[in-house]
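Values in this document were obtained by computation on a predicted structure and should not be read as measured data. Counting from 1, the numbers follow the sequence of the chain as shown.
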Amino acid sequence: MISTHVLDTASGVPAGGVRVELYDGDELVGSGETDDDGRIRQLADVAPGTYRLVFHPDSPFFRRVEVEVVIEAGRDYHVPLLLSPYACAIYRGS
């Protein structure tokens, strides 16, 4: 299972309403918008493999933030995005 969390580090609050998509190659396998707490608690249940997470933040600089992740069998993955108007960081959470 893949979940995510987007935090607006410039304001110090969760970023609600951010569109997030999950792709297996070119196939969309999951999507949603972050809730008021900046979370998508279950974006998708996926098999092991390589996937692309695509974030669409409301930013004056970023139109899309994309990361490729490798999913191993038997593990859940939480992939947060820390976002400010001109900087971002993605990490593997717990």
Side-chain angles (χ1 to χ4, degrees):
M1 193 242 332
I2 297 177
S3 62
T4 190
H5 192 188
V6 181
L7 299 168
D8 179 342
T9 58
S11 300
V13 298
V18 176
R19 179 100 179 130
V20 181
E21 299 164 338
L22 180 68
Y23 290 90
D24 181 0
D26 290 329
E27 179 184 356
L28 181 65
V29 295
S31 66
E33 285 192 2
T34 56
D35 62 17
D36 290 340
D37 194 33
R39 297 180 182 273
I40 298 178
R41 298 183 192 285
Q42 184 171 350
L43 187 58
D45 279 321
V46 295
T50 302
Y51 296 86
R52 286 184 300 122
L53 263 173
V54 182
F55 298 85
H56 299 276
D58 180 18
S59 165
F61 183 67
F62 298 107
R63 294 290 169 240
R64 177 175 74 189
V65 176
E66 185 172 322
V67 64
E68 192 171 87
V69 295
V70 177
I71 303 300
E72 298 174 0
R75 300 187 71 175
D76 290 335
Y77 288 81
H78 184 66
V79 185
L81 171 66
L82 304 178
L83 185 67
S84 70
Y86 298 101
C88 68
I90 296 173
Y91 64 97
R92 181 173 168 201
S94 56

Query raised in the report: Quick one: does R52's side chain have a donor or acceptor within less than 3.5 Å of a partner on G25's backbone?
Result: yes
Requested in this report: Determine, using the 4.5 Å side-chain heavy-atom cutoff (strictly less than), whether L53 and I71 are members of one ILVMFWY cluster.
Outcome: yes
Query - D35 side chain reached by H5 side chain, heavy atoms, under 4.5 Å - result: no
**Report entry** Shared hydrophobic cluster, Y23 / Y77 (ILVMFWY, side-chain heavy atoms < 4.5 Å)
**Finding:** no
Query raised in the report: Of the non-hydrogen atoms in F62 and Y86, which two are nearest, and what is the gap between them?
Result: CE1-C, 3.8 Å
Report task. Give the cluster check for V67 versus V20: same hydrophobic cluster or not, with ILVMFWY residues linked at side-chain heavy-atom distances below 4.5 Å. Result -> yes
Query raised in the report: Any side-chain heavy-atom pair from V70 and T50 closer than 4.5 angstrom?
Result: yes
Query raised in the report: Are the side chains of P14 and T34 in touch, meaning some heavy atoms are under 4.5 Å apart?
Result: no
Report task. Say whether S31 and R19, considering side chains only, have a donor N or O and an acceptor N or O under 3.5 Å apart. Result -> yes
Query raised in the report: Does C88 reach the side chain of L81, with side-chain heavy atoms less than 4.5 Å apart?
Result: yes
Requested in this report: Please confirm whether the backbone N or O of L82 pairs with a side-chain atom of T9, one donor and one acceptor, at under 3.5 Å?
Outcome: no
Report task. Could you pull out the closest heavy-atom pair between L22 and A44, with the gap in Å? Result -> CD2-CB, 3.7 Å
Report task. Please report the closest heavy-atom contact between G93 and P80, naming both atoms and the distance. Result -> N-CD, 3.7 Å
Query raised in the report: So do F55 and I90 actually touch side chain to side chain, heavy atoms under 4.5 Å?
Result: yes
**Report entry** Partner of H78 by side-chain contact (heavy atoms from CB on, under 4.5 Å), out of M1, R39, R41, R92
**Finding:** R39
Query raised in the report: So, for S59 and P85, which heavy atoms are closest and what is the spacing to 0.1 Å?
Result: OG-O, 3.1 Å
Requested in this report: May I ask whether V69 and V6 are part of the same hydrophobic cluster, defined by side-chain heavy atoms of I, L, V, M, F, W, Y residues being less than 4.5 angstrom apart, directly or through others?
Outcome: yes
Requested in this report: Using a 4.5 Å cut-off on heavy atoms from C-beta on, say whether the side chain of Y51 contacts that of V46.
Outcome: yes
